[in-house]
Amino acid sequence: MTIAVFPGSFDPLTNGHLDLITRASRLFDQLIVAVGQNTAKQGVFTPAERVAFIEQSIPDLPNVTVRVETGLTVAFMRQCHATVLVRGLRNSVDFEYEQGIAGMNHHLDAHIETVCLMANPQYQFVSSSLLREVAKFGGNLTTLVPVPVARALVKRLGSDEQ
Ligand code: ADP
C-alpha cells in the first residue's frame, strides 16, 4: 500500500490543485493533502479555512484526507508512513523550485520519493497568488477556483477595491 502526501500552502485551493489531487488519488492507495504555511508567504486564509475549502471540494475522493502540517514535510511523512511526496509543475520556474526542494528532502530522508505531475494545460497559468490579485480588483474567478473559494476570496480581498 502506497501512501502519498501532497504538501502545499493552498492559500487558497485552486482548480489546478484540485486537478492534481484528483489525478494523484488515482495513482496512490491513499493521498494526504498537507496544508502548511510557506514561511516565505503571508497567509490570507487560516490553515483551518484552507482545509475546509479542500474537504468541501473532494467529497467524491474517499482515499483523500486533508491535514494541517507544521514543521518538516519529511517528518510529517514518516509519522503518516508515507513514501511519496507529490508536487505539481506548471513551468520551468516551478521545475527549478521543485528541484531544490526535492534535493533537500532527499538529503533529509532518502526513502522518500518526490513525484511531480505536470499541470493540466488548462490550469498552467493558475496560481493562488495571481488569483488573490485578480480577486482584489474584481476579476472573474469562474472556472479557476471552486465556487465557495471564489466567494470567500471576494469577501476577504475584494471589498474596498471594487
Ligand atoms: P507552495 O507554497 O508549497 O508552493 P502552493 O499551494 O502554491 O504551495 O502549491 C502547492 C503545489 O501545487 C506546488 O507543487 C505547485 O507547483 C502546485 N501547483 C500550484 N498551482 C498549480 C496548478 N495550477 N496546476 C498544477 N499544480 C499546481
Side-chain angles (χ1 to χ4, degrees), residues 3-28 30-58 61 64-77 80 82-109 112-136 139-150 152-153 156-157:
I3 303 174
V5 166
F6 178 26
S9 308
F10 306 103
D11 188 36
L13 176 75
T14 72
N15 284 347
H17 292 131
L18 209 46
D19 180 74
L20 222 74
I21 292 169
T22 306
R23 287 160 56 203
S25 76
R26 294 188 199 121
L27 292 174
F28 306 106
Q30 272 185 37
L31 179 70
I32 302 166
V33 181
V35 174
Q37 184 70 63
N38 183 325
T39 47
K41 296 182 186 173
Q42 178 75 33
V44 169
F45 294 101
T46 66
E49 287 172 320
R50 292 181 243 159
V51 167
F53 289 140
I54 301 170
E55 283 179 340
Q56 284 164 24
S57 305
I58 55 159
L61 300 177
V64 180
T65 52
V66 191
R67 305 250 311 260
V68 173
E69 172 219 344
T70 51
L72 281 178
T73 302
V74 293
F76 174 78
M77 290 181 65
C80 305
T83 51
V84 176
L85 196 166
V86 176
R87 295 283 286 179
L89 294 180
R90 285 162 293 188
N91 49 42
S92 57
V93 177
D94 274 357
F95 175 78
E96 299 278 330
Y97 181 65
E98 297 300 341
Q99 191 179 33
I101 298 179
M104 179 54 79
N105 283 330
H106 180 81
H107 168 79
L108 293 172
D109 189 334
I112 284 170
E113 207 57 69
T114 297
V115 172
C116 289
L117 301 182
M118 299 301 290
N120 184 326
Q122 194 182 344
Y123 301 123
Q124 241 154 21
F125 63 98
V126 176
S127 68
S128 301
S129 55
L130 258 183
L131 290 180
R132 293 196 298 266
E133 286 301 302
V134 173
K136 240 186 230 177
N140 185 2
L141 301 172
T142 318
T143 74
L144 305 181
V145 289
V147 172
V149 174
L153 264 173
R156 182 127 334 156
L157 295 174

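Whatever order the structure lists them in is the order used to number ligands and atoms, beginning at 1.
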Exercise. Start with the C-alpha distance between Val145 and Phe53, add both sets of side-chain angles, then the distance that settles side chain to side chain contact (heavy atoms under 4.5 Å, CB included), and finish with yes or no.
Key: CA-CA 10 Å; Val145 289; Phe53 289 140; over 6 Å; no
Quiz item: Counting both backbone and side chain atoms, is some N or O of Arg87 under 3.5 Å from an N or O of ligand 1?
Solution: yes
Exercise. Could you tell me whether the side chain of Arg132 and the main chain of Pro12 form a donor-acceptor pair under 3.5 Å?
Key: no
Quiz item: By number and element, which atoms of ligand 1 are closer than 4.0 Å to a non-hydrogen atom of Phe10?
Solution: 6 (O)
Exercise. Would you mind running through ligand 1 and noting each atom that sits below 4.0 Å from a heavy atom of Phe6?
Key: 11 (C), 12 (O)
Exercise. Could you list which atoms of ligand 1 come closer than 4.0 Å to a heavy atom of Glu98?
Key: 13 (C), 14 (O), 16 (O)
Exercise. Using distance alone, decide if ligand 1 has a nitrogen or oxygen within less than 3.5 Å of any nitrogen or oxygen in Ala119.
Key: no
Practice problem: Return yes when atom CD of Glu133 has more than 12 non-hydrogen atoms of other residues, nucleotides or ligands closer than 6.0 Å, and no otherwise. | Solution: yes
Quiz item: Can you check whether Ser128 has an N/O within less than 3.5 Å of an N/O in ligand 1?
Solution: no
Quiz item: Quick one: does ligand 1 sit under 4.0 Å from the side chain of Arg90, the backbone, both or neither, non-hydrogen atoms only?
Solution: side chain
Practice problem: Pick whichever of Gly36, Gly88, Gly8 has a heavy atom sitting closest to atom 16 (O) of ligand 1. | Solution: Gly88
Quiz item: Would you find a donor on one side and an acceptor on the other, under 3.5 Å apart, between the side chain of Arg23 and the backbone of Met118?
Solution: yes
Quiz item: Can you check whether Ser9 has an N/O within less than 3.5 Å of an N/O in ligand 1?
Solution: yes
Quiz item: Within the side chain of Asn91, is there an N or O that forms a donor-acceptor pair under 3.5 Å with the backbone of Asp94?
Solution: yes
Self-check item: Heteroatom distance test (Tyr123, ligand 1): nitrogen or oxygen, under 3.5 angstrom
Solution: yes
Exercise. Output yes when a side-chain donor or acceptor of Thr65 lies under 3.5 Å from a complementary backbone atom of Ile32, and no otherwise.
Key: no
Quiz item: Thr14 to ligand 1: N or O pair under 3.5 Å?
Solution: no
Quiz item: Within the distance-only criterion (no hydrogens, no angle test), does the side chain of Arg50 pair as donor or acceptor with the backbone N or O of Gly36 below 3.5 angstrom?
Solution: yes
Quiz item: Are any of the heavy atoms in Met118 under 4.0 Å away from ligand 1?
Solution: no
Quiz item: Considering only heavy atoms of Asp94, which atoms of ligand 1 have at least one such atom less than 4.0 Å away?
Solution: 16 (O)
Self-check item: Option from Val51, Asp11, Val149 for which side chain to side chain contact (heavy atoms under 4.5 Å, CB included) with Phe45 holds
Solution: Asp11
Practice problem: Within a distance under 4.0 Å of any heavy atom of Gly16, pick out the atoms of ligand 1 and give their elements. | Solution: 22 (C), 23 (N), 24 (N), 25 (C)
Quiz item: Does an N or O from Tyr97, backbone or side chain, lie closer than 3.5 Å to an N or O of ligand 1?
Solution: no
